[in-house]
Colleague: 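Before I ask anything, here is the structure I am working with.
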Number of protein chains: 2
Amino acid sequence: MSNEKIRVLLVDDHKLIRDGIEAMLLNTKDIEIIASVSSGEEAINEVRQNKPDVILMDIMMGGMTGVEATRWVKEFDPAVKVVLVTMEISKEYVSAGIKSGVDGYLPKDIDKDTLIDAVRTVQGGGRFFNDAIMKLVFEDFYSHEKLKSSDKKLPNDLTKREHEILNLVASGKSNKELAESLFISIKTVETHKTNILEKLGLKNTTELVRYAIKNNIISIDSL
Amino acid sequence: MSNEKIRVLLVDDHKLIRDGIEAMLLNTKDIEIIASVSSGEEAINEVRQNKPDVILMDIMMGGMTGVEATRWVKEFDPAVKVVLVTMEISKEYVSAGIKSGVDGYLPKDIDKDTLIDAVRTVQGGGRFFNDAIMKLVFEDFYSHEKLKSSDKKLPNDLTKREHEILNLVASGKSNKELAESLFISIKTVETHKTNILEKLGLKNTTELVRYAIKNNIISIDSL
DNA sequence: AAATTTCTCAGGGTTTACCCCGACTCGTCA
DNA sequence: TGACGAGTCGGGGTAAACCCTGAGAAATTT
């Protein structure tokens, strides 16, 4: 298909790691390491001068972090693929990495085949996240969803009408707008809101909005 | 260690599926199928009478769904482990399943070893979700996080002080509380808020809170 | 050094939110 | 049938939020 090799740039402030990765990729016919640098700043320079296809970058480095460098690279040219390499995986890093547009995420203790697989996958436009990372995200999702359900069991003495009011309040309507859209007087709206606040132990509309979002009475996406 | 077999209950309205699963588990020494029923209602009955250790249940059934049945079972006795089995995986089902307290989730095209592994895992108190499900959740997470980052690029002309105010407003503080915690006058707070509202095109504190949550200026978890 | 922005605050006003009370209607349930 | 909860309003009030204008002090930029 193509005789072009995948041009890889290595970025890590530990030479040992760079050499290790380089050794792993050395005898792979379709992969070529064009440079090996030790900082995000150098990496940016390298990207500007001779554009690599894939960057394997450490996430923790002195100076600019891998995430920041990724952001820069992706702004400069989104076609350059970036795979972050990390000692330990944490939800914050994964999240930050994804936000910066990273294409893959690997732990440092990967084996040769996985590494090569990752490089080829991102080069082909795919994403490569290893199982541990997907599991991490899932665990987080799992605990969140479970919390939601247990939260929801707190007795909610609100009447139908009060729920209706709460929904509209949470969607940003003022008392007047509420009265108009429900064809009732402002006085009635005030009565309902007072009752709601009392029942939920809140003190004003602001807290009501926060309560509604926290308890998924209105979805975050609808904001 | 234990001579007790894992007592399994099968629930699926297709006898074919039940028989298939039964066949898979037949020659496993530590697993015993105590009953095989075709509806959620029967399953509940079975749980009441001779408590199984693990339930393998179809998620889509005539009458009560697997999710509803799970909810009932978990309320009756959380020690009974439930694994949902499904034709196709969708985020909604996974989410609903987790909320109802399910311990595992399997596609119908699993092989024998995976099935046995799942039963043993949940019996031992673990959770069993196959890779496809974790990947599904991850994909969802991925697209959400990417969206967030692109959203964030909308220019934000707020000054440092205004950001500070916005944060506190979003955390539920009134003008007076704000003034006190920043050691400035209420008038100053009002001025800042007015400027913020004007810059963001909003009209009151309620909308400000919604804006802050939507744009991740404060995290949902902190609510 | 001058211009601009940011942060601070005030007077004085309008509007909205919140509070406490009472009261009428309409269902439901005992 | 009579008590009760839910929903509907009003009066009359205080407090909070919001608006407009102006303006001095400090920091930042030019």
Side-chain angles (χ1 to χ4, degrees), chain A residues 68 152-218 220 222-223, chain B residues 152-218 222-223:
Chain A
E68 295 171 72
K152 252 177 191 161
K153 282 203 174 131
L154 44 88
N156 212 334
D157 296 342
L158 299 186
T159 66
K160 257 182 290 181
R161 197 56 157 175
E162 284 166 351
H163 254 115
E164 204 177 352
I165 303 270
L166 175 52
N167 262 292
L168 293 170
V169 171
S171 75
K173 286 194 191 295
S174 69
N175 288 357
K176 188 195 261 184
E177 291 169 327
L178 225 68
E180 280 164 5
S181 61
L182 291 178
F183 303 105
I184 56 181
S185 94
I186 293 186
K187 276 295 177 182
T188 306
V189 174
E190 286 177 357
T191 304
H192 282 308
K193 275 181 71 173
T194 304
N195 291 336
I196 296 171
L197 291 178
E198 209 267 324
K199 283 181 180 176
L200 300 178
L202 308 173
K203 64 175 204 287
N204 55 36
T205 307
T206 301
E207 291 197 340
L208 210 53
V209 172
R210 290 162 52 84
Y211 175 92
I213 296 173
K214 177 181 180 182
N215 294 86
N216 301 304
I217 288 163
I218 60 167
I220 305 155
S222 76
L223 290 181
Chain B
K152 251 179 192 162
K153 291 229 165 100
L154 43 89
N156 212 335
D157 295 342
L158 299 186
T159 66
K160 258 182 292 181
R161 195 57 156 175
E162 284 165 351
H163 253 115
E164 204 177 352
I165 303 269
L166 175 52
N167 262 292
L168 293 170
V169 170
S171 74
K173 286 195 189 295
S174 69
N175 288 357
K176 188 195 262 184
E177 292 168 327
L178 228 75
E180 280 164 5
S181 60
L182 291 178
F183 304 104
I184 56 179
S185 95
I186 292 185
K187 277 294 177 182
T188 305
V189 174
E190 287 177 358
T191 304
H192 282 306
K193 275 180 71 173
T194 303
N195 291 336
I196 296 171
L197 291 178
E198 209 267 325
K199 283 182 180 175
L200 300 178
L202 308 172
K203 64 174 203 287
N204 55 36
T205 307
T206 302
E207 292 197 341
L208 210 52
V209 171
R210 290 163 51 82
Y211 175 91
I213 296 173
K214 177 181 179 181
N215 293 89
N216 301 301
I217 288 162
I218 61 168
S222 75
L223 289 182

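Chain identifiers are assigned alphabetically (A, B, ...) following the order of the sequence lines, protein sequences preceding nucleic acid strands; residue numbering begins at 1 within each chain.
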Colleague: Quick one: side-chain contact (heavy atoms from CB on, under 4.5 Å) partners of Thr191(A), sequence neighbours excluded?
Modeller: Asn195(A)
Colleague: Is the shortest heavy-atom distance from the side chain of Val189(B) to the side chain of Ile184(B) under 4.5 Å?
Modeller: yes
Colleague: Checking Thr206(B) now: which residues fulfil side chain to side chain donor-acceptor pair (under 3.5 Å) with it, not counting sequence neighbours?
Modeller: none
Colleague: Within the 4.5 Å heavy-atom criterion, are Leu208(B) and Leu200(B) side-chain neighbours or not?
Modeller: yes
Colleague: Would you say a side-chain N or O of Thr188(A) is under 4.0 Å from OP1 or OP2 of dC9(D)?
Modeller: yes
Colleague: How many Å lie between CD1 on Ile196(A) and P on dA6(D), as a whole number?
Modeller: 13 Å
Colleague: Among dC9(C), dC19(D), dA17(D), find the nucleotide with the atom closest to the side chain of Ser185(B).
Modeller: dC9(C)
Colleague: Could you give the CG-to-C1' distance, from Asn204(B) to dT16(C), as a whole number of Å?
Modeller: 10 Å
Colleague: For DNA chain C, what residues of residues 175-182 of chain B have any heavy atom nearer than 4.0 Å?
Modeller: none
Colleague: Can you tell me if the side-chain N/O atoms of Thr194(B) get under 4.0 Å from OP1 or OP2 in dC18(D)?
Modeller: no
Colleague: Starting at atom CD of Glu198(A), determine the distance to atom P of dC19(C), rounded to an integer number of angstrom.
Modeller: 10 Å
Colleague: Just N and O in the side chain of Thr159(A): are any of them under 4.0 Å from OP1 or OP2 of dG7(D)?
Modeller: yes
Colleague: Provide, to the nearest angstrom, the distance between the NZ atom belonging to Lys173(A) and the C1' atom belonging to dT16(C).
Modeller: 16 Å
Colleague: Would you mind reading off the distance between Ile165(A) atom CD1 and dA6(D) atom C1', rounded to a whole angstrom?
Modeller: 12 Å
Colleague: N/O contacts under 3.5 Å, protein versus nucleotides 20-23 of chain D?
Modeller:
none

Colleague: Just the rounded figure in Å: distance from P of dA15(D) to NZ of Lys203(A).
Modeller: 16 Å
Colleague: Could you name each residue pair satisfying salt bridge (charged side-chain N to carboxylate O under 4.0 Å, His left out) that touches residues 193-205 of chain B, not counting sequence neighbours?
Modeller: Glu177(A)-Lys203(B), Glu162(B)-Lys199(B), Lys203(B)-Glu207(B)
Colleague: Is the phosphate of dA17(D) approached by Lys193(B) (side-chain N or O, under 4.0 Å from OP1 or OP2)?
Modeller: no
Colleague: Using the side-chain heavy atoms of Arg161(B), tell me which of these nucleotides is nearest: dC7(C), dC19(D), dC9(D).
Modeller: dC7(C)
Colleague: Once rounded to the nearest 0.5 Å, what's the spacing between atom CG of Leu178(A) and atom CD1 of Ile186(A)?
Modeller: 10.0 Å
Colleague: For Glu164(A), which residues count as a side chain to side chain donor-acceptor pair (under 3.5 Å) partner, sequence neighbours excluded?
Modeller: Arg161(A)
Colleague: Measuring only between side-chain heavy atoms, which start at C-beta, is Lys173(A) closer than 4.5 Å to Val169(A)?
Modeller: no
Colleague: Given side chains that start at C-beta, do those of Leu182(B) and Ile165(B) come closer than 4.5 Å, heavy atoms only?
Modeller: yes
Colleague: Return the minimal non-hydrogen interatomic distance between Ser181(B) and Leu168(B), and the atom names on each side.
Modeller: OG-CD1, 4.3 Å
Colleague: Measure the distance from NZ on Lys160(B) to C1' on dT28(D) and round it to the nearest whole Å.
Modeller: 10 Å
Colleague: Quick one: Ile186(A) CD1 to dG12(D) C1', roughly how many Å, whole number?
Modeller: 16 Å
Colleague: Closer to the 5' end of DNA chain C via nearest nucleotide, is it Asn195(B) or Leu197(A)?
Modeller: Asn195(B)
